[in-house]
Amino acid sequence: MAPGIVEPAVPEDSTRSLSEVTGAYDDTLRFYLNGTKVVLDDADPEITLLEYLRGIGLTGTKLGCAEGGCGACTVVVSQFNPTTKQIYHASVNACLAPLVSVDGKHVITVEGIGNVKRPHPAQERIAKSNGSQCGFCTPGIVMSLYALLRNTDSPTEHDVEEAFDGNLCRCTGYRPILDAAQSFSVKTGCGKAKANGGGGCCMEKNGDANGGGCCKNGEENGDSQPIKRFTPPGFIEYKPDTELIFPPQLRKHDFRPLAFGNKKKRWYRPVTLQQLLEIKSVYPSAKIIAGSTETQIEIKFKAMNYSASVFVGDIPELRTFNFNDEYLEIGGNVVLTDLEKICTNAIEHYGSVRGQPFAAILKQIRYFAGRQIRNVGTPAGNLATASPISDLNPVFVASNATLVAKSLKETTEIPMSTFFKGYRSTALPPYAIIASLRIPVAKEKGEFMRAYKQAKRKDDDIAIVNAALRVSLDESHTVESVDLVYGGMAPITIQAKKAMAYLQGKKFTDLKTLEGVMSALEEDFDLRFGVPGGMATYRKSLALSFFYKFYHEVLTELHTEESHLDTQAVGEIERDISSGEKDHTASAAYTQKILGSERPHVAAMKQCTGEAQYTDDIPLQRNELYGVLVLSTKAHAKLVSVNAEAALELPGVVAWVDHTDVASPEANWWGAPACDEVFFAVDEVFTAGQPIGMILADTAKRAEQASRAVKIEYEDLPAIFTIEEAIEKESYFNHFRYIKKGDTEAAFASADHVFSGIARMGGQEHFYLETQACLAIPKPEDGEMEIFSGTQNPAETQAYVSKVIGVDANKVVTRIKRMGGGFGGKETRSVQLAGIVACAANKVRRPVRCMLNRDEDIITSGQRHPFLAHWKVAVNNDGKLQALDADVFCNGGWSQDLSGAVVERSLSHIDGVYSFPNIHVRGRVAKTNTVSNTAFRGFGGPQGLFIAETYMTEIADQLNIPVERLREINFYKPEGNMITHFNQELKDWYVPLMYQQVQDESHYAQRRHEIEEFNKAHKWNKRGLAIIPTKFGISFTALFLNQAGALVHIYHDGSVLVAHGGTEMGQGLHTKMCMIAAEALQVPLSAVFISETATNTVANASSTAASASSDLNGYAIFNACQELNARLQPYRDRMGPNATMKDLAHTAYFDRVNLSAQGFYKTPDIGYVWGANTGQMFFYFTQGVAAAEVEIDTLTGDWTCRRADIKMDVGRSINPAIDYGQIEGAFVQGQGLFTTEESLWHRASGQIFTKGPGAYKIPGFRDIPQVFNVSLLKDVEWENLRTIQRSRGVGEPPLFMGSSVFFAIRDALKSARAQFDEHSILHLQSPATPERIRISCADPILKRAWVEPRDGEKSFFVAI
């Protein structure tokens, strides 16, 4: 790889004159940090605010993605805003913010607002409301809420709902975070509100949910008393007047021009426009930076190297605005948050008709990135980067705005219509900067302007296509002027020239005009099938649909009587404020002192205050080095040569580590169960992202730069990517499984109907917020090594590290405190990084640390397996299923990993919850040149269940009966069959009961009728409804893994230390284990502590997976506690029932009684034999049912989940609060799997494209069901459940229920297709992205936008 792209070289005299121009500049940064003054004389010019904070030990602020897409690094920067002339508390992404940007400001981190002993109310409410699971995203979420509370005394429910649009969470499903945050909203938090026991909040009385009617909104006659805030019982009262003050010294801060840095990089911070223009005049190629939202990504991921950067965020002249008679003038550097307020004021100032351009800007900003980006991003940055998918640029072009460019010598006015010259190039003169933008107001009569955008996800997402459309009509509705401007349709923001020319002079209201424009748009945007960016049909259809919507919006505004007016095309889907209910009485019948009660996660408060320590938060070790992987860039190639010499010559670089440094050639091999993968590539690479070696340097930055200097020569070899290609080329791993029961062939011959089809679903990126991380510390004696690894599998990590460094396992200790999420992605794939880091540490005999960047993590650590199934089902006229035959294939990637076990589980779940008398299913693992796919929550179960629900929905359509009825007919039930196809009897079977309960409680039948009526009345918007049942087998399918050990110590003071083999990754395992120990030993929960998971306390532990960890470790702990209780019983008898554990332990110790006990448990009864189809596969099944309702916009593919109702049978819950969190989180993760989350590979390079939050879309806060109700099954007996507390595993089973959203979308699409007489069976692939939704419709607009591949043409992206 190239060592980095450098900007155009500049003559030396430029540099000289730059030093002359900036000679008098100051070189000291001065700011406040959590209330304390900081003065930096030698600030590192290359580090971000995040790197500075973490470097000084404030590790509460996390690195999640390094591209401003996840919000884990959110801090608050308080500053005097020159635009609004007020103090503003800006939530910002510390991972993007250059250190220079905080001069003269107050930086507040999560540590600065509270701690465990004295938490801020925001921290406390999120912790106690179960809004923190793994906790890695929590500090960022806390700071977003904190920023809202600092800026808004009385936030509305809407303010709260939108406050987190720049934050992501992978664990919680968002509902508990929103519930905690809404307790601060003016409606929920008002002491007068009826819900809080008052006589009624004025907003309730005024009927305004969004705050227009609050008595505190500055009305002149409103009383000036602060709102009596309602504090939920058990919470700290929120008092805004006790917050960290804005340091008075900063009000007087003298903003001096700054210049600091070193030979490699220098920063300049002018504070006047004149100073900026002087710099630009002598150094035109200096990089101008305002928000750094794009530049930092270029530096981090594209190796761009800017030797001179100019920060322009502190120049007041560039942050002003003026309302002129005919136009609004905004400074180029007004931040987008301020632009929102300016546009709102402009609409008031000019009126709604003349203010249409500002309404268009406002609409586009609303969904533009997250609040953290809008707090620093600027219009000038948007314009200068010239992104072809910018949301604002089309509005500026369509409104005929004028850009004012200034240089030292002249001021130039550039019409926006001529500004964009080519991909990422503009008409801005080299010596000029964008000073301001003049946006004309619309005409009082006859002018109409609208903006549109469609993305993969509603909030915080880049556009697939956007548009700003403007037309001006005379009295007779003839077009006088027109601008149709699109983004995402070409390499630049582009005008639809043919369509605009056609419209000129036409009568707008004439139907022929609409037809003519649509035809002209087809010519303007004649995309080919393989167009860069892909989605040719979808993008073309959006261009047409946006104009179709616009046309009818204008007709509606004109109040014409045109017969072809289509009012239903007007508008878009809007979300209500989300809400949800849980049944908090579910465990009342069996609650004990501690078990069965709702308790917050034991580490929640630490996580909310930033005190919880993750792997990369461990303080720097003496002599520590940082490792950066050097990865293959080819999907399949021979390694001709690898040369690290140039890298080793760079400053700070210590070593190059590769396969020659492993203890032996055999030790380079790893993988379970098949040892078919290497830590370091030797002669050949089999996937892009395969590790070739590791560079060690004294800092992460230097290691990163050196890794790019390693020269690698390849010789390309043929590569396979998709399952279909693997089948065609017969590329499989040597793993074949089948389950056969009954006689399928006879059943097919005698059945009334035989239907066949294909089920296809994509994979899923884990997107745990904490990427793979490891710290290896070699010890001076006996080759010992300590490994701190973010792993679900400490024992396997220990085993492979010992092999790599050539010592026995007893010399290696693996330790893990907690992970920031795992979901299966750290079960085996964490071993790869740990092995490489350990090898590196062993080579140099120094501590080595490595935490992967998000893109590195995605390209090295595997995903959920994509699946393909060819199914055939026999069914009779009465709807009874007779036989199932299926060939199931999963994409294993380049090595086997756990793919065999994944395909096995899919075969055992392919029946869903339905009884088949005859079944024959076969499973293969496809071998491809993609990342090695691995365990992911559900582990093949969701894929098998998806195949089942696919054939059920398609068969119901073929038979023309409701699929809800087909399910009921075929349920396993006591009066029918209760034996699965793998010969296991179902016990404590409550799916039919829950199926009925969910329908009754969600008013399913009534809503089905309402949806049918809605769909009859609406042409373009359709609603759908689905109810999905599930059963999920609990146990490892590998028998030997179903065991666990525990160690329990009681100390003199009565405190209890528990160690067990399970790891904490947010699922609340340690919380449940502490509860089990506390209940068993009869001590308060606060007396029990789990320090960490380590291989020297509990040996040979199974990985924390398969939803079995509570069962296994819980019983092992209970077993140890029973031993201790037996030893303490004589003392309890003697000292009475009120004796404390402190007294008991003290007395027993002096009697020389052992107060430590080891516990062990192995799951009884199980042991399935493949082929023979004998033995019990699972210990039991966790069951559930979910119903979901959606609404789709068939013109754009946009959609929202209106409601979801979930009921789970978790047995007797150990902690319902933890279980509810698991259910909500799994459901939303499942919803993502089946809707927004699409992994794509770039066909030409063979590399994964979706390798960060910019391209890969997990659900956000505003994607969850608008109404989200969850309950647990109660009032039944679990006679056969022999688990700890009779609870059921809950981590994985609810995930598949997120597919209810997918099947509701399919239901809506059936109605959409029927609208245009398309009644063929819909074969909908997962995920149901907006693109798939749109191209599954059958309307004339889609048909005319359809793009067919030309001879041999292939798509730009490939889904594997």
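Note that this is a predicted model, so its numbers are computed, not measured. Hydrogens, waters and symmetry mates play no part in the numbers below; they use all other heavy atoms, side chains included. In this chain, numbering begins with 1 at the start of the sequence shown.
Side-chain polar atoms of S472 and K443 form a donor-acceptor pair below 3.5 angstrom. For the residue pair T1196 and R1334, no side-chain donor N or O sits within less than 3.5 Å of a side-chain acceptor on the partner. Under 3.5 Å, the side chains of N375 and S91 contain a donor-acceptor pair of N or O atoms. For the residue pair T402/E413, the side-chain donor-acceptor check at 3.5 Å is not satisfied. Between the side chains of H253 and D103, at least one donor-acceptor pair of N or O atoms lies under 3.5 Å. S309 and K265 share a donor-acceptor pair across their side chains, judged by distance under 3.5 Å alone. Side-chain polar atoms of S101 and R269 form no donor-acceptor pair below 3.5 angstrom. Inspection of the D483 and Q495 side chains reveals an N or O donor paired with an N or O acceptor under 3.5 Å. A donor atom on one side chain and an acceptor atom on the other are found under 3.5 Å apart for Y548 and D566. No side-chain donor-acceptor contact under 3.5 Å links E348 and T344.
Looking only at distances, a side-chain donor or acceptor of T272 sits under 3.5 Å from a matching main-chain atom of Q275. Within the 3.5 Å criterion, the main-chain N or O of S387 finds no donor-acceptor partner in the side chain of S390. With hydrogens and angles ignored, the 3.5 Å screen pairs no side-chain donor or acceptor of R450 with any backbone N or O of E553. Judged by distance alone, the side chain of R457 and the main-chain N or O of D460 form a donor-acceptor pair under 3.5 Å. Side chain of K540 to backbone of M489: no donor-acceptor contact under 3.5 angstrom is found.
Checked for salt-bridge contact, K497 and D524 miss the test: no charged N lies under 4.0 Å from a carboxylate O.
Residue-environment remark: NZ (K363) exceeds the threshold of 12 foreign heavy atoms within 6.0 Å. Counting non-hydrogen atoms of neighbouring residues, nucleotides and ligands closer than 6.0 angstrom, the NZ atom of K445 reaches no more than 12 such neighbours. Within 6.0 Å of OH on Y25 lie more than 12 heavy atoms contributed by other residues, nucleotides or ligands.
F358 pairs in a ring-ring contact (aromatic ring centres under 6.0 Å, His included) with only one of the listed residues (F323, Y350, F321), which is Y350. Paired with F508 under the rule side chain to side chain contact (heavy atoms under 4.5 Å, CB included), one option of L503, V482, T478 passes, and it is L503.
Aromatic ring centroids of F525 and Y486 lie under 6.0 Å apart. Ring centroids of F396 and F419 are separated by 6.0 Å or more, keeping the two rings apart.
Considering only heavy atoms from C-beta on, D1198 stays 4.5 Å or farther from P1330 through its side chain. In this structure, the side chains of R354 and E326 come closer than 4.5 Å at one or more pairs of heavy atoms. Residues E574 and E572 form a side-chain contact, since some pair of their non-hydrogen atoms from C-beta on lies under 4.5 Å apart.
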